[in-house]
Amino acid sequence: MLICRTGAEIRDFVRQARAAGKTVGLVPTMGYFHEGHLSLMREARKSCAAVVVSLYVNPMQFGPREDLARYPKDFGRDCAMARQVGVDAIFAPSDREMYPDGFSTCVEVTGMTDKLCGLSRPGHFRGVTTVVAKLFNLVTPDQAFFGRKDAQQALVIERMVRDLNMGLEVVTLPTVREEDGLAMSSRNIYLDPGQRREATVLYRSLRAFREAVKRGERDAGRLRGIMVDMIAGARGAGIEYVEILSVPDLQPLEVINGRVVAALAVRFGKTRLIDNTVMEV
Ligand code: PAF
């Protein structure tokens, strides 16, 4: 497995792969891998002849009071895990490589980024789309793989790719969960044992939403109420948002119909967790 630190190195790797007639898959990540990341890499391995994983904690998508400085890192462990699932190249650039002096261009998807995570994390999605656009330009993948745990992120990236004619396929894959339902996330390690136990309320509330819809409930306010009441009952849980919106446009709904997402962000102490479920109604 090749480790590339510069744009020139990863471009060179991709040039050689293309010359050998290979398709290229990209899995963009911020590292500290778990089974969710590995499921994306395995899928990329199945569908593409050359697999690149980018590993970069992108400062542009963190707010000034967020966890950039303490974001978990273990480059050696990440490389070993990526090698084991058959990744061909890791692209792990420095901040200077990604944002050299004078950097002043951003990519921004408007409208769908000013709700859900975009409300409490202003500028977050501009940071995500800017870095992902740079990664797409460097790697020129045929397919790029994202997890559905960040449902809004996946929809925003799909929109960017469509709007800017980026000519690649965005593949989104199901959220990988712990046995008790908690969505896998690099940030789960911040939780103390008590918070970790209570954090299963995110999954339980999404399951309650699905069950209520299956019983015939269509009123978005009442469905939201079911989730809010359940989360409020968990010790130490601070709700940031619980929303039910249309997919893919993320418009608010009074009565649910068609493809909808129930999405939530909940804080346990300083740790912010997100989860969602998408249903066809
Ligand atoms: O989902 C993530 O890990 C990040 O937002 C991404 C897509 C790698 C961009 O930094």
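As the structure lists them, so they are numbered: ligands from 1, and atoms in each ligand from 1. Side chains included, hydrogens not; waters and symmetry mates left out as well; all remaining heavy atoms used.
Between the side chains of Asp67 and Tyr190, at least one donor N or O sits under 3.5 Å from an acceptor N or O. Inspection of the Glu97 and Thr6 side chains reveals no N or O donor paired with an N or O acceptor under 3.5 Å. Judged by distance alone, the side chains of Arg210 and Thr277 do bring a donor and an acceptor atom under 3.5 Å apart.
Counting only heavy atoms of the protein, atom 3 (O) of ligand 1 lies nearest to Met30 CG, 3.5 Å.
Residue Val131 approaches ligand 1 through these ligand atoms, each under 4.0 Å from one of its heavy atoms: 9 (C), 10 (O). The Pro28 neighbourhood of ligand 1 comprises atoms 8 (C), with distances under 4.0 Å to a heavy atom of that residue. Listed by number with element, the atoms of ligand 1 under 4.0 Å from a non-hydrogen atom of Thr29 are 8 (C). Proximity to Gln153 (heavy-atom distance under 4.0 Å) selects the following atoms of ligand 1: 1 (O), 2 (C), 4 (C), 5 (O), 7 (C).
With a 4.0 Å cut-off on non-hydrogen atoms, Ile157 does not touch ligand 1 at all.
Distances between N or O atoms of Tyr56 and those of ligand 1 include no value under 3.5 Å. Ligand 1 has a nitrogen or oxygen under 3.5 angstrom from a nitrogen or oxygen of Gln61.
Between Tyr99 and Tyr56, the two ring planes are tilted [angle within 30° to 60°].
With Asp142 contributing its side chain and Val24 its backbone, the two residues share a donor-acceptor pair below 3.5 Å. Judged by distance alone, the side chain of Glu198 and the main-chain N or O of Arg235 form a donor-acceptor pair under 3.5 Å.
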